[in-house]
Amino acid sequence: MRKTIIAAALATLFGATLASAQAATISISCGAVGLELQLCQQGANAWAKATGNQVKVISTPNSSTERLALYQQMLAANSSDIDVYQIDVIWPGILANHFIDLSKHIDKAQIDQNFKAIIENNTVDGALVAMPWFTDAGVLYYRKDLLDKYGKKPPTTWQELTETAKAIVDGEHAAGNAKLQGFVFQAKAYEGLTCDALEWVDSFGGGTIVAPDGKITINNSKAAAALDLAATWIGKIAPEGVLNYAEEESRGVFQSGNAVFMRNWPYAWALGNAPDSEVKGKIGVTVLPMGGADGKHAATLGGWQLAVSKYSANPDIAADLVKYLTSYDEQKRRAIKGSYNPTIAKLYQDPEVLAANPFFGDLYETFTHAVARPSRVTGAKYNQVSSEFFNAAHAVLSGKTDGATALAALEKKLDRLSRGGRW
Ligand code: GLC
């Protein structure tokens with residue numbers, strides 16, 4: 001009897017101590033593009049409620065380029081202010097040293113549900129430095145109503161897109177719809193332009209800047225032709241302002257009914273069909289056009305992962321939050337509410353996910369065969385490679401130079417940066 005009472009008392013005491021030692025406040029950095037911040041907050045709150053921990057959601061700059069700079073400062077200072085970092089698919093090679101190995105915290109079965117290519121991308125020197133959260137690929141949005149009105153089909157080549165956009169804009173301007181633009185995309189000098197320009201270049205057969213074996217391939221006539229064609233859009237089918245547009249600026253123009261075509265990521269679908277959207281029910285989504293009849297469809301691979309900082313005071317609890325947020329159920333909720341593409345293959349067969357995003361089924365191949373930026377081969381130097389590339393593309397788009405001249409200079413810079421292709 002006595003023994004049992006003592007045991008019970010000890011258990012209560014021990015249990016209470018354990019519980020209080022375990023409860024913690026975990027801070028997580030989230031993006032704020034589209035519905036990201038809201039969905040992150042909801043997911044984190046649900047985890048906090050279920051586990052008795054607290055969460056602090058930290059909003060970060062929308063631009064991937066600016067977000068990386070902020071993270072690099074914090075991580076270089078070994079700051080414990082952020083426990084969980086939302087990281088871009090191109091960053092594992094740059095930031096791996098600052099993150100714990102999540103394969104020691106998350107069961108293999110959950111890891112194995114994800115696309116293998118993303119798990120491989122996030123594995124550096126044998127350590128799983130980040131769990132996939134959502135994937136991305138560039139897609140073409142178009143106004144079904146306007147294409148129908150002018151008897152046009154969604155374009156299969158960039159040349160056709162250029163002509164269709166011009167024909168519709170000319171017709172609409174003549175009819176008094178003065179604000180209508182032909183095509184909006186991401187042409188500000190930042191990581192988003194690297195994504196868009198890589199799509200143009202690769203769709204023309206101009207390669208991926210640096211080949212997987214490290215060879216610098218960007219200085220070729222197909223790549224130059226792709227950039228030269230894009231430059232003809234500025235001030236014609238695209239507003240001059242596009243030179244300063246990121247994702248959200250493009251979406252703003254398209255969603256208010258002022259563009260025929262938009263290149264963006266899947267998240268723009270949920271918002272474009274929201275009750276307050278001017279273009280609700282009028283949007284089509286398809287693959288990005290090919291660079292000419294002998295070109296190919298190319299979509300840049302994007303996406304975001306969750307990583308736990310080595311400098312976190314509570315890495316085990318932080319990893320538990322990552323496990324929760326990247327789970328099947330949470331990815332499903334985010335796909336339905338915000339059109340964030342799951343990284344779990346099975347979710348592309350889920351009827352509720354497909355009902356909310358019919359193009360997830362139609363464009364499955366696009367999502368699983370998207371073109372990777374050369375971040376794997378260039379490793380820690382990727383950010384410099386990308387900056388050189390988007391600056392070169394921006395110079396061509398703004399008419400400061402032409403494709404061939406810009407790419408010859410870019411090749412020299414990349415050659416120096418890599419000490420002759422030895423990344
Ligand atoms: C999207 C992509 C990301 C990319 C960024 C560029 O967020 O998911 O991979 O770097 O856009 O703007």
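Read the numbers this way: they start at 1 and go in the same order the structure lists the ligands and their atoms.
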* Can you find a non-hydrogen atom of F134 under 4.0 Å from ligand 1? -> no
With heavy-atom distances below 4.0 Å as the criterion, list the atoms of ligand 1 near [X].
X: D136; value: 1 (C), 2 (C), 7 (O), 8 (O)
X: G302; value: 2 (C), 8 (O), 9 (O)
X: G192; value: 6 (C), 12 (O)
X: E191; value: 10 (O)

* Can you find an N or O of G303 that's nearer than 3.5 Å to an N or O of ligand 1? -> yes
* Taking both backbone and side-chain atoms of W304, is any N or O found less than 3.5 Å from an N or O belonging to ligand 1? -> yes
Under a plain distance cut-off of 3.5 Å, with no hydrogens placed, do [Y] and [X] share a side-chain donor-acceptor pair?
X: Q110; Y: T326; result: yes
X: Y348; Y: T368; result: no
X: D101; Y: S103; result: yes

* Could you pull out, from Y340, W265, F390, the option with a heavy atom nearest to atom 11 (O) of ligand 1? => W265
* Asked: Which one of Q186, Q305, E247 has a non-hydrogen atom at the shortest distance from atom 6 (C) of ligand 1?
  -> E247
* **Stepwise salt bridge (Lys or Arg N to Asp or Glu O under 4.0 Å) check, K166 with E163** => CA-CA 5 Å; K166 182 156 182 347; E163 284 154 28; over 6 Å; no
* Determine yes or no for a side-chain-to-main-chain donor-acceptor pair under 3.5 angstrom, with H98 supplying the side chain and S309 the backbone. => no
* To do: Give a yes or no on whether the backbone of Q186 and the side-chain of D196 come within a donor-acceptor separation of less than 3.5 Å.
  => yes
* Do the charged groups of R373 and E191 touch, with an N to O distance under 4.0 Å? -> yes
* Among all protein heavy atoms, pick the one closest to atom 10 (O) of ligand 1 and tell me residue, atom and distance. => D88 OD2, 2.6 Å
